[in-house]
Amino acid sequence: MYLVTGATGNVGAELVRALAESGERVRAVSRSGRGEGLPAGVEAVASDLNRPESVRAALEGVRGLFLMPGYDGQRQILADARAAGVRRVVLLSGLSAGTGDRSNAVAGYLLAAEDDVRDSGLAWTIVRPTSFMTNALRLADGIREGDTVRVPFPDVRTTDIDPYDIAQVALRGLLSEEFAGRVLEVTGPEALLPADRVRILGEVLGRDLRAVGLEHEEARAEMEASGMPKSYVDAFSPSSSTAPSTNRWCFPRWSRSQVGRRAPSRSGHGHTRTRSSGYDRWRA
């Protein structure tokens, strides 16, 4: 039995699917505990990672644990996991943890989670991905509204990765000892500017899209307006990663996988399919 926290998220949903396809028994933990959309045979459990007592019973009979970072209960959950006989844990961290900067709000909570995993007494693997390709879905509203797409940090290249690929790395970490005691930095295959991603999305969607870069203060204002805590806004400074690629999906291929062979136009015509988060939300 494998327990996946964040089971309805970008990476967690892919990992649940991968484990089930591998013939493993899976317990999918989310706050809602909803089973809709889960593969057949997967057990849905409602738990709150800030309340470790709500997770304790779900650890019964579990061999491997996939853990999300940044929750108040993570240290106790790890202690309960060890007491329940869990053998190994794979932590989803992030590339910014590699800076070692504990004064940065994002890197700080990731590093704290990594410390807890290392001190847990379990066999562990830490996965540090770069930003997700699914972040491009945040552009959906702008693309629905017109052909000019506002993007933050226009001069920053990022090596985005498909959550599917992150899940495949986590899968290997759970099912074998291959990556035990290792920190794995995983990235996408190419460093792209925001304008590159907008251009690719336009090609896939059959649209002539154009990126317009936001000034740094404009980007900060939009993040704060969305409800992001100021400490996290401060943490998002322009950076890029050129670490070696470990994935199979490039951004154009990921984009095409979201819309199928016929890309939806602004009028909403065309066939869509959902491999992960579908572009059906992009319809006019």
For this session: Decide yes or no for Pro69 and Tyr109: does some side-chain heavy atom of the first lie under 4.5 Å from some side-chain heavy atom of the second?
Result: yes

For this session: Without swapping roles, check the side chain of Arg88 against the backbone of Leu174 for a donor-acceptor pair under 3.5 Å.
Result: yes

Exercise. Hey, what do you get for CZ (Arg51) to CD (Gln76), rounding to the nearest 0.5 Å?
Worked result: 13.5 Å

Problem set entry | Arg118 vs Ile126 side-chain heavy atoms within contact, under 4.5 Å | yes

For this session: For the residue pair Met133 and Leu192, establish whether any side-chain heavy-atom pair is separated by less than 4.5 Å.
Result: no

Exercise. Are any non-hydrogen side-chain atoms of Thr5 and Leu49 less than 4.5 angstrom apart?
Worked result: yes

Exercise. Out of curiosity, does Val127 fall in the hydrophobic cluster containing Leu111 (side-chain heavy atoms, cut-off under 4.5 Å, transitive links)?
Worked result: no

Exercise. Is a side-chain donor or acceptor of Arg197 paired with a backbone partner of Ala136 at a separation under 3.5 angstrom?
Worked result: no

For this session: State the OG-CG distance between Ser176 and Leu171, to the nearest 0.5 angstrom.
Result: 8.5 Å

Exercise. Is the backbone of Ile143 close enough, under 3.5 Å, to the side chain of Arg207 for a donor and an acceptor to pair up by distance?
Worked result: yes

For this session: Can you measure from CG (Asp48) to OG (Ser32) and round to the nearest 0.5 angstrom?
Result: 11.5 Å

Problem set entry | Value rounded to 0.5 Å, distance of CD1 in Ile161 from CD1 in Ile166 | 5.0 Å

Exercise. Nearest heavy-atom pair of Pro194 and Pro152: which atoms, and what distance?
Worked result: CG-O, 3.8 Å

Problem set entry | Distance, nearest 0.5 Å, that separates CG of Leu91 from CG of Leu65 | 9.0 Å

Problem set entry | Under 3.5 Å side-chain donor-acceptor pair for Arg172 and Thr125 | no

Problem set entry | Audit row: Arg128, Glu114, salt bridge (charged side-chain N to carboxylate O under 4.0 Å, His left out) steps and yes/no | CA-CA 10 Å; Arg128 291 178 177 171; Glu114 291 187 4; 2.8 Å; yes

For this session: Applying side chain to side chain contact (heavy atoms under 4.5 Å, CB included), run through Val186 and Asp165 and close with a yes or a no.
Result: CA-CA 9 Å; Val186 295; Asp165 292 303; over 6 Å; no

Exercise. Are Leu193 and Val149 connected, step by step, through hydrophobic side chains (Ile, Leu, Val, Met, Phe, Trp, Tyr) whose heavy atoms are closer than 4.5 Å?
Worked result: no

Problem set entry | Flag side-chain contact, heavy atom, 4.5 Å: Leu19 against Leu15 | yes

Exercise. Backbone N or O of Thr187 within a donor-acceptor pair of the Thr130 side chain at under 3.5 Å?
Worked result: no

Exercise. Less than 4.5 Å apart, any side-chain heavy atom of Asp160 and any of Asn135?
Worked result: no

For this session: May I ask you to decide if Val29's main-chain N or O and Ser47's side chain share a donor-acceptor pair within less than 3.5 Å?
Result: no

Problem set entry | Ion pair check, Arg17 and Glu14, cut-off under 4.0 Å | yes

For this session: Give a yes or no on this: more than 12 heavy atoms of other residues, nucleotides or ligands lie within 6.0 Å of atom CZ of Arg25.
Result: no

Exercise. Below 4.0 angstrom, N of the basic side chain to O of the carboxylate: do Asp147 and Arg210 qualify?
Worked result: no

For this session: Tell me, with the steps shown, if Asp80 and Val55 meet side chain to side chain contact (heavy atoms under 4.5 Å, CB included).
Result: CA-CA 9 Å; Asp80 291 342; Val55 183; over 6 Å; no

For this session: Please say whether more than 12 non-hydrogen atoms of neighbouring residues, nucleotides or ligands are located less than 6.0 Å from CD in Glu53.
Result: yes

Seminar exercise, completed: Note: Ala211 and Val151 closest approach over all heavy atoms is CB-CG2, 4.2 Å

Exercise. So with a 6.0 Å cut-off around CZ of Arg87, is the heavy-atom count from everything else above 12?
Worked result: no

Exercise. After noting the C-alpha distance and the side-chain angles of Val11 and Met68, does the key distance pass the side chain to side chain contact (heavy atoms under 4.5 Å, CB included) rule?
Worked result: CA-CA 10 Å; Val11 178; Met68 299 291 291; over 6 Å; no

Problem set entry | Common cluster, Phe179/Val4, ILVMFWY with side-chain heavy-atom separation under 4.5 Å | yes

Seminar exercise, completed: d(Tyr71 OH, Ile77 CD1) to nearest 0.5 Å is 9.5 Å

Exercise. When hydrophobic residues are tied together by side-chain contacts of less than 4.5 Å, even through go-betweens, does Val86 share a cluster with Val117?
Worked result: yes

Problem set entry | Side-chain (Arg75) to main-chain (Asp119) donor-acceptor, under 3.5 angstrom | no

Exercise. For the residue pair Leu110 and Ser93, what are the closest heavy atoms and their distance?
Worked result: CB-OG, 3.7 Å

Exercise. Would you find a donor on one side and an acceptor on the other, under 3.5 Å apart, between the side chain of Thr159 and the backbone of Glu190?
Worked result: no

Problem set entry | Side-chain heavy-atom pair Arg27, Val62 within 4.5 angstrom cut-off | yes

Exercise. Does some side-chain heavy atom of Leu92 sit less than 4.5 Å from a side-chain heavy atom of Pro129?
Worked result: yes

Seminar exercise, completed: Nearest heavy-atom contact between Ser96 and Ala107 is O-CB, 3.5 Å

Exercise. Minimum heavy-atom separation for Val26 to Glu24, with atom names?
Worked result: CG2-O, 3.5 Å

Exercise. So, for Gly70 and Ala113, which heavy atoms are closest and what is the spacing to 0.1 Å?
Worked result: N-CB, 4.3 Å

For this session: Look at the side chain of Asn50 and the backbone N and O of Asp72, then say whether any donor-acceptor pair between them is shorter than 3.5 Å.
Result: yes

For this session: Spell out, yes or no, whether Leu175 and Val16 are grouped together once hydrophobic residues are joined by side-chain heavy atoms under 4.5 Å, including indirect joins.
Result: yes

